[in-house]
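Contents: one structure, followed by commentary.
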Amino acid sequence: MSSVRSSLVPKIPTFETWSKQFRGKTPRNLPRCTIADVETAEIGFKRLRQHTKWTNVQLAELTAVEIYPGLGVWTSALFNGGFNSIYSLEPNVPYYKQIKSLADKSEGVIRPLKKDGYDWETYVELKDKAYLGSLMTRAWNKVNQNIFFTGTLPKSSKGEQLLAQFATCIVNKMALHSMGRIPMALWIPDQLYEKFTASRGSKARCKMSVVTEACAEIDLIYSTQSNAMYPKELYHLVYILPRPIVKIKADWDVFEYVLKHLFVMQRFSLNKVVRTLGPGADIILDRLSFDTNIQICDMTAEQIDQVAIKFDQWPLRPQVLIEDSNPRSLE
Amino acid sequence: MSLPLVRQATTGNRNVLLRQYTKANSLSLRQRLATTTLPFDRRCASTQLTRSISSTPSALSAASALAETPHHPSKVSYDGKHIILPNPSRPAFKQAAKVLPSGISEQFAILNACIQTGAMDRAERIMNELYRNRTEEMKIFVDAQIFNTFLNGFVQGNKPQANDCLAWFDRMVSYGITPDANTYAILVKGFLKMGSYHTARMLLQDMRKNTNNQMMDVVKSDFLAPNEVKGFRQLITESQNSNQVEVQELLRELELAADNVLGSESSSTVADKNTRTSPAVIAPTTIYENIPEARPMDAIGVKFLQEQLSALQNSEEALKMDPFDLQMALEKQGYEVALQRLVHMREASKERGDTLNALHLSPLKKNMWDWHEKVIPLLKEEIEKCVNIKGKDVERRSYGPFLTLLPVEKLSIITILELLRLHNSSGIADGMKTARAVIDVGKAVEMEYNATYMKRNNKGLRGGYNIQNMSANGKEFNMAVQKALNKQQEDEAATEASISMDNKNDGVQSSDIWNPVWPSSIRAKVGSVLTSLLIESAKIPVPSYNPDTGEKITEHIPAFFHTYQYVRGKRVGIIKFSDQLTQLVSKEPLRDTLHPRLMPMIVHPRPWLHYNDGGYLTAKSICMRIKDSPEQQIYLHKASENAKIDHVLKGLDVLGSTKWRVNKNVFDVVLEAWNSGEAVADIPPAITEAIRLPEKPSDYDTDPKAKFHWVNKVKEIQNMEKNYHSLRCDVNYKVETARAFLNLPMYFPHNMDFRGRAYPIPPTLNHLGNDLCRGLLCFDEAKPLGESGWRWLKIHMANLYGYDKHSFTERERFTVENMDNILDSVDNPMTGQKWWLQAEAPWQCLSACYEVAAAVRSGNPLEFESRLPVHQDGTCNGLQHYAALGGDMAGARAVNLAPGDRPADVYTGVADLVNKLVEQEAEEGNEDAILLKGKISRKVVKQTVMTNVYGVTFIGARAQIENRLKERGDIPQERVYSLASYLAKKVFSSLGEMFNGAQNIQDWLTDSARRIARSVPKDTLQETGILPFDSPEQEQRFLARVENEKMKSRKNGKKVTKTFSARNPSANQMTSVIWTTPLGLPIVQPYRRTGKKQVTTLLQTVFIEDPDLSRPVNAMKQSTAFPPNFIHSLDATHMLMSAVACYEKGLTFASVHDSYWTHACCVDDMNEVIRDQFIELHSQPIMENLHAEFMERYKDYRLPNSEEVDQTDKAVTKTKKRASSSKSAKSAATAASPVSAENEALFGLADMQLDEENGDEDDDDLDLDLVNNDVKADEDDKTSSSKKYRYNWVELAFAPLPKKGEFDINQVKDSDYFFH
DNA sequence: GGATTTTCTACCGACAATATCACTACATACTCG
DNA sequence: CTTGTATGTAGTGATATAAGTAATAGAAAATCA
């Protein structure tokens, strides 16, 4: 109830010391970027608050889950913003220590956890009563008022993979989103942001952006300026609000199969590409409600969903949609 | 001293073979004949094994006219006579190798296709364009052969354009190409055809006056068909009235020549010969237009084919046919036969008209026929489009000409069969990679084109079959040949007509005619057209319904469809079978979809005359399997040209001369097992119902992890299913192949991998295949067992069962004691005790059971006529060679080079040694050791010991051992990994201990290869300004050349000169490791960095190696692969030597690399041969020769070197991390690297200091520095603060050879278990 | 030139990534002087 | 008619693609600043 918290200021090392002490030497957590500028975090949060129109009361009800806090700059901003509590998931030891020391000054609001936001188990564990279990909601017509998910995505394939999985999880109400319609705000590296938010027709249009379009509303909140990140990178803070009704009606596995195959040749027309779905799959063209002479990259999520549905209903569709892509060598 | 004898004998024998297959006027052949038609007394080879023979003149010259150093009679190698070519980075290499740049080779292929299809306007355009845009390259690559073929195109058809021909002739001369006799033959032919006798005469007169070409050569030209030669006679008649002396002279010469070719009586046959060949003069397109839709062959052809058809279906019938005709037909008309089978079925059932039989008609065949009929109009349409190209349709221009090379019917059936054949290839379930498919289809078209239109072999064969004495197994061959000849005489007209039917070239085909290989890009493009048309038209009707309306409909599902898969994030284009097609294919035996090409032969393969001439009767094949490496090809070519590889070819001929048959007893059991659908031995069970998928876990919908694992499980199951399926398919193909040859003899033409190891060319069923294949095959010829044969048969029986680590006596007893089991296996193979199924090699065991049982029951085993091949296997053959090379006592004993009472088993030996070490450490309290104590079996270490020869690294060995330990199951899973690490170390150290000599040699080989692969020719360094030129003249020459190049490539003058320094030389490392085997085969390691390019095809782009890109070597691969390759080249040498020697002794011989087979009764003889040859081989200083060859081959090469410079500015030379690098993880675990150890001892005292100013060159001592590694100095340097490195180039030299041990190779002679 | 990051990790038989975009050089069309 | 400019295009090189790289380590080559 104390909206007046003593504000927390994280210690920010110089770039050189950061390089030495924090930048992971192992290729495991290779390009972990972290916000290294208090002002960026503060403005970011301010904008976010404007956008979400959170009241102090609402904030006081909200538990934030933050992945990859890094130096804890964003964590501090969240703390200062007045969240009820903040689970800060940091697997990397030097960072974890940094978060721990912040937490010690946070009167128990910041709760550092040595978990990796990338690991699937993490979300199973978060479901435990001790963490978020009590805050779960079933209904999807309403946004979960108690959980807020945030963090800084690594600029790596893992980061990209993670983001894509968030999107699928929203669609399928899995992992984090098995706990309700949880809003998210993520710091995303520029390139990934482009892909994540690419609209139809854009050059960056890809599978992920279709899924995203189908399952969430995305808003750009703020972008980092010059030296806000260690190492210097352009990041965007993005607010992700899952839709009450996801636009994908088809069976997810079918949808994914269709999506994957269509996007092989995204600048070709559906008329042609549809054949790669299965032998004789062009028969479903007539059963679609839109002009099928359309480039794949120009299709909306709904249109692709419709293709998936019609494909699924097609009696002669290939039964096996799981493709073994890993030809593992035999002895 | 048997080797020189062998050499002589071989040469003599080749001579015989040669003459049979030789066409007298082949140029390359002339050269060969020069070396082979030397006086030679056959009796020498078979009877008098005198020592002096190797120094007789005949033997010397027979061996090689080029061998100039015959002073060491025992030597096999031709000292100083290696094929040495410039480094591929040098311009000189391009000149010598004539490796076409990819753009040119494509254009050439297209050009040739245009010529062959009569599209001369297009051909002219291409010629013009090439000469305009690629002037320089054309100067290098175009020769008279190419130009002749081009010129011939003008005068070929029924509308000869002799004047155009003449115009191009002038241009030919102006391009600096010297016309030869062929050129004149073509020109004259053209004018004769047009009736311009005057011009023709003028041309010949011109030739006589101005050139050295002989009239005889003109008339004998391959470009002239017999009836065209008769045209020359016409010329004589027409010119009789001329009074000029010159003309008279000319005519006399001409007459003489014509008589020589045609025979003087030929004038009487002119009329009927002409009528016979005249249909072929009709333009190709018209021929095929007249063909009735359903019957692509004309009347005679159909009759002929149906004969073969019935022959193939009923192999009893086939026996009655002439085998030569059958083989010819199989090769030349395999696709027609396949097609005819479809037609035949269809017509037959139609005729009967009853639906009952229509039901019996295989649905797959019905569909295939349907596709065939549907794709043909599409093909015709496409061809039409290609003919009338509007605008610049680049794609159509590049594949169009190829589509008319073959009749559309053939294109269609080729495509269908190829796609069916590729089912499940490249690890794709129910499909294939697009790249593979389109390239293979293209290749199949090319091969079919070659087979159909390359008449030369046919001509040569027919003409060349003279009745000569051949050695033992050649006799039957000759009988067949004789029969063929007789038949040919009776039946000549029909046969000729049926063959000449598809011959568009007036019967003109020969090696003088240019026939460029199609580059992969062309193959891919051509293949993609056919494939995509087939995809478009091949459909299967399937009942279905419209889910929206519920209305019942029939969908026409494409049998194949093009799609993509992602493999680790990368797109891979694939062509998949539809489920319906998969169903069809899996339901019926693959009998009628059996691919007609590359089947076993039913007559003796054509001996290898040349590196690319032998094997099948008509198919153009090459004796070595080349990997996208022009370098390999050119070395082989040069060696062949210089008669260096005759011995090797002879060896291959011997392997190909072994006559096989299907073991009917085993076949019946296999069939029964197969039809039962159960798993028997290595035949997997038929999957009747889909395997049930595992239950989805409860958290499947909420936890991605759960889902992931479930999906993985499903994938695993699918994978298993796929493997089962493709395994069953494989068995299906093998069984069907065997069935096709049930009553026919089989020969396997052989070729080699690039190290010289021999392989049968037919891929599905051969004696190198798995147990099933081997069980299905036996020698065709039977030989009475006799005392020793009976003994060996029993031993062999035990071996196959897996009882092969005991003494021969024990093994013999094993068989005797198991006689009841053996008889039961024979009497009730599928219902009895099934003893044979427990054998290590069940099918072969069963095969042996039949043999043993039959022998026993015959009443007198000693007289039993046995066909079973009995094997003698080298015990760890690689290590045997290593031990022999190193003279390594302990090693020699361990692999049975030295005699012993019972076979030594390396694997057990290593296991014992490791066990000892482990026990020792267990007592010392080592936890790993305690856990492993007593658990180290032979099996655990076997794979690692085996692969050690191949240079397995620590990581690989650890993985192997890990797997073995996991299998055991008595070790806690989580400890397995660390235990495997521990054990791998122990195994390596034990190996190092046991095979110290091998280790040393292996390390030396690795090190030497590494140096070679990193080295650069001096010239290159000079030209890049790194080293000074030797002389101003050299510099001048270089500058001139550069200037010249600049002029040439002014257009694309963006020459990026890559940074070139001793520090980072990898981009310029162009030197591959090359050596010559003791039999004279040059071996080039092909490992280079891949230079793939995307090629656009109709279906998708395809990623293909760009051949003209000279790419830097993969130095690591070069060095790690060298030891195994070298050893394999030696074991291949030993095998080929043994093969030839066995042949000389009249033994039937077959081999699987290091397992040698012969009749039971001949095992003793073969054993002697094996040992003699091994001793012969290893009596030579192989390592010294290799070293010497390297020194010669890589003379003037420079090696990048880095040396440390200390503060006092005095260079302390040493290689930075270099010398020690040769002992990789592996040898690090063993004794210290012998290379450095040796040198430490030898050169440790040498003065390492070097004047840095002229350190770059001329310092002969530098090579020592490379090797030496002064440990103490290293330690000093660690303390020194400032390290400076200097990079420079030193002369390439090699470490001293490891010292050879005391083992006397002659002991092998007395080692019973050397091969056993 | 020194340091860091990536890439291997057993030989041969038997190979194989592809769509798309940005950019360049070249050819053609068109226009203007 | 020539020349210059705009436009179109064939050819080339770069880049993204998918996605739990199930575990492990160590040297050599490639890349980077």
Minimum-distance nucleotide to [X] side chain [options: [options]]:
X	options	result
Phe268(A)	dT20(C), dA16(C), dC11(C)	dT20(C)
Ile955(B)	dT18(C), dA16(C), dA25(D)	dA25(D)
Arg267(A)	dG20(D), dT20(C), dT17(D)	dT20(C)
Asn1125(B)	dA10(C), dA16(C), dC11(C)	dC11(C)
Met265(A)	dA19(C), dT17(D), dA16(C)	dA19(C)
Tyr566(B)	dT18(C), dA18(D), dG13(C)	dA18(D)
Arg755(B)	dC12(C), dT20(C), dG13(C)	dC12(C)
Arg625(B)	dA17(C), dA29(D), dG13(C)	dG13(C)
Lys195(A)	dT18(C), dT17(D), dG13(C)	dT17(D)
Tyr1087(B)	dA19(D), dA16(C), dC12(C)	dC12(C)

Lys/Arg-Asp/Glu bridge criterion (N-O < 4.0 Å) met for [X], [Y]:
X	Y	value
Glu716(B)	Lys713(B)	no
Lys195(A)	Glu160(A)	yes
Lys707(B)	Asp253(A)	yes

Roughly, in whole Å, what's the span from [atom1] in [X] to [atom2] in [N]?
X	N	atom1	atom2	result
Gln295(A)	dT20(C)	CD	P	9 Å
Phe263(A)	dT20(C)	CZ	P	11 Å
Phe166(A)	dA19(D)	CZ	C1'	15 Å
His1153(B)	dC12(C)	NE2	C1'	7 Å
Tyr950(B)	dC11(C)	OH	C1'	6 Å
Asp1131(B)	dC11(C)	CG	C1'	11 Å
Tyr882(B)	dC11(C)	OH	P	13 Å
Met1116(B)	dT7(C)	CE	C1'	7 Å

[X] side-chain N/O to [Y] backbone N/O, donor-acceptor pair under 3.5 Å:
X	Y	value
Ser202(A)	Ala204(A)	yes
Arg1111(B)	Arg1089(B)	yes
Arg1010(B)	Ser1119(B)	no

In Watson-Crick or G-U wobble terms, both distances under 3.5 Å, what is the partner of [N]?
N	result
dA3(C)	dT31(D)
dC32(C)	none
dC21(C)	dG13(D)
dA19(D)	none
dA14(C)	none
dC8(C)	dG26(D)

Phosphate-side-chain proximity, [X] and [N], N/O vs OP1/OP2 below 4.0 Å:
X	N	answer
Thr1101(B)	dA19(C)	yes
Tyr564(B)	dA17(C)	no
Lys627(B)	dG13(C)	yes
Lys1093(B)	dT12(D)	no

Checking all strands, does [X] fall into the base, sugar-phosphate, or nothing category for heavy-atom contacts under 4.0 angstrom?
X	answer
Lys707(B)	nothing
Asp119(A)	base
Glu1105(B)	nothing

Lys203(A) or Thr1120(B), whichever maps to the more 5' nucleotide of DNA chain C: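 Closer to the 5' end of DNA chain C: Thr1120(B).
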field: Residue closer to the 5' end of DNA chain C, Arg757(B) versus His562(B) (nearest nucleotide)
entry: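 It is Arg757(B), whose closest nucleotide lies nearer the 5' terminus.
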task: Indicate, yes or no, whether a donor-acceptor pair under 3.5 Å links the base of dA19(C) to the side chain of Gln1094(B).
output: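 Result: at least one qualifying N/O pair found.
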Base dT24(D) paired with Arg958(B) side chain (donor-acceptor, <3.5 Å):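 Side chain to base: pair found, below 3.5 Å.
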field: Pairs flagged by salt bridge (charged side-chain N to carboxylate O under 4.0 Å, His left out) wherever residues 755-764 of chain B is involved - sequence neighbours left out
entry: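 Found Asp753(B)-Arg755(B), Arg757(B)-Asp1131(B).
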query: Would Phe708(B) count as stacked on dG20(D) if the rule is ring centres under 5.5 Å and plane angle under 30°?
result: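 So Phe708(B) does not count as stacking on the base.
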